[in-house]
Amino acid sequence: MTLLGPPPSGPHRHADGLRAMVLSSLRRRMPLLAKAIHDANQPNPISIGPMLPRADVPGGYSVEIGCVADELSDPLMRGLPRARGRILLGKTSYDVREVDLVAQATFDELAARPEGRAVPLRMLTPTAHHAPGPVRRAVVVPDPVLYVGSWLRRWNLYAPDPFDDSLLEAVANQAAIRAFQGGTSAVRLGRMRTFIGFTGTVELTILDGHADAAAVTAAVWALARLAEFCGTGVETTRGMGQTRLEPSGTFTAARAAERTSQEPRGSDALAGER
């Protein structure tokens, strides 16, 4: 969705308003289901990104909305405000310029052949997970079990063919973070809630072990592809946890470039270059 209007104070400034707008759009078509999604204590089938400026549209901001439940996608698209309409986020009015479907995939397509044991990810917006315990804490360091567990719960709720729960145990034993680069930042959601999340690149890799590494790799790739639609971790309906798969080889090339930049550049080092 592309909106035209005044710049927000930050990309997450209207997170609650955007969430309310999306649920209201769904409520117009499926009121009972929209209420169930709002009230349910389970992973949400809808993800909503922050307001990000569009370089190609002066004064324009894009908001990405993802959906992983088949029965919701068409009612959601039909219920969203139409182009040339207007929405109110807080006290600020925005004109709707475009509402476009930019990507879609079946669950079978998500489960297509993996592209190797390494799964390269980019966390576009701050990503975090709730830590267990009586004190409310966030886990921000990339963790394969937390990442895959987040995706697995959504897949098993909404896909026609769920994965066995033993997959998470195999991930705990055989998945590792091979590399990550980025940092943490604070996301203020409303007046009283502030989350710290990780933004950057992460490479998961599947190791040999008790479980079939090829099967574990295929499952993790399917779930990572789902993450592009559902996000990762907490508050994915308020702009957190937006996830993308990086092209294969991105991390290998980046590490090679870094090593090259650190090598001495004397006359001997130039002898073999073309």
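- If you chain together hydrophobic residues whose side chains sit under 4.5 Å apart, V99 and I46 fall into the same group.
- Taking all atoms of both residues into account, the shortest heavy-atom contact from P75 to L26 is CB-CD1, 4.1 Å.
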task: Would you sort out whether L167 and L223 count as a side chain to side chain contact (heavy atoms under 4.5 Å, CB included), showing the intermediate values?
output: CA-CA 11 Å; L167 172 63; L223 295 172; 3.8 Å; yes
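- No side-chain heavy atom of L204 sits less than 4.5 Å from a side-chain heavy atom of I206.
- Residue L121 comes nearest to Y147 through the heavy atom pair CD1-CD2, 4.1 Å, listed as atom of the first residue, atom of the second, then distance.
- Listed here is the closest heavy atom pair of L4 and P58: CD2-O, 4.0 Å.
- Between M240 and T125, the closest heavy-atom pair is C-OG1, 3.4 Å.
- By the 30° and 60° cut-offs, the orientation of the rings of W155 relative to F163 is tilted.
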message: Please evaluate residues T2 and R54 with respect to the criterion side-chain hydrogen bond (donor to acceptor under 3.5 Å, both in side chains), reporting the C-alpha separation (whole Å), side-chain torsions for both, the decisive distance (0.1 Å), and the verdict.
response: CA-CA 8 Å; T2 300; R54 286 191 56 163; 2.6 Å; yes
message: Is there a side chain to side chain contact (heavy atoms under 4.5 Å, CB included) between T201 and F180? Walk through the geometry before answering.
response: CA-CA 5 Å; T201 53; F180 72 93; 5.8 Å; no
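- T232 and S150 are not linked by any side-chain donor-acceptor pair at a separation below 3.5 angstrom, with hydrogens and angles left out of the test.
- Heavy-atom neighbours of E169 CD from other residues, nucleotides or ligands within 6.0 Å: at or below the threshold of 12.
- Note on D95 versus R84: no salt bridge recorded, every NZ/NE/NH1/NH2 to OD/OE distance being 4.0 Å or above.
- When the side chains of ILVMFWY residues are joined at heavy-atom separations under 4.5 Å, either directly or via intervening members, I177 and V220 end up in a single hydrophobic cluster.
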task: Check the pair R28, S25 against side-chain hydrogen bond (donor to acceptor under 3.5 Å, both in side chains), reporting the backbone distance first and the verdict last.
output: CA-CA 5 Å; R28 283 194 285 270; S25 300; 3.3 Å; yes
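- By the 4.5 Å heavy-atom criterion applied to side chains, V96 and R82 are not counted as neighbours.
- D208 contributes atom CG, which lies 7.5 Å from atom CD of Q174 (distance to the nearest 0.5 angstrom).
- Closest approach of P114 and W221 over heavy atoms only: CB-CD1, 3.2 Å.
- D165 and R153 are not joined by a salt bridge, as no carboxylate oxygen comes within less than 4.0 angstrom of a charged side-chain nitrogen.
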query: Going through the checks in order, is the side chain to side chain contact (heavy atoms under 4.5 Å, CB included) test met by H14 and T92?
result: CA-CA 9 Å; H14 295 302; T92 308; 4.1 Å; yes
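- Every residue two or more places apart in sequence or in another chain was checked for a salt bridge (Lys or Arg N to Asp or Glu O under 4.0 Å) with D108, and none qualifies.
- Between H130 and F195, the ring planes lie tilted relative to each other; the angle falls in the 30° to 60° range.
- The 12-atom threshold is exceeded at CZ of R244, counting heavy atoms of other residues, nucleotides or ligands nearer than 6.0 Å.
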- prompt: Yes or no on side chain to side chain contact (heavy atoms under 4.5 Å, CB included) for L110 and T106, after CA distance, side-chain angles and deciding distance?
  reply: CA-CA 6 Å; L110 297 178; T106 66; over 6 Å; no
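- Other residues, nucleotides and ligands contribute over 12 non-hydrogen atoms within 6.0 Å of the CZ atom of R225.
- Between C67 and F229 there is no side-chain heavy-atom pair separated by less than 4.5 Å.
- In terms of heavy-atom proximity, P6 sits nearest to Y94 at O-OH, 2.8 Å.
- Counting only heavy atoms from C-beta outward, the side chains of I196 and P126 never approach each other to under 4.5 Å.
- Using a 4.5 Å heavy-atom cutoff, the side chains of L76 and I65 are in contact.
- Between H129 and D143, the closest side-chain pair of non-hydrogen atoms is not below 4.5 Å.
- Side-chain contact annotation: R19 with T237, donor-acceptor N/O pair under 3.5 Å present.
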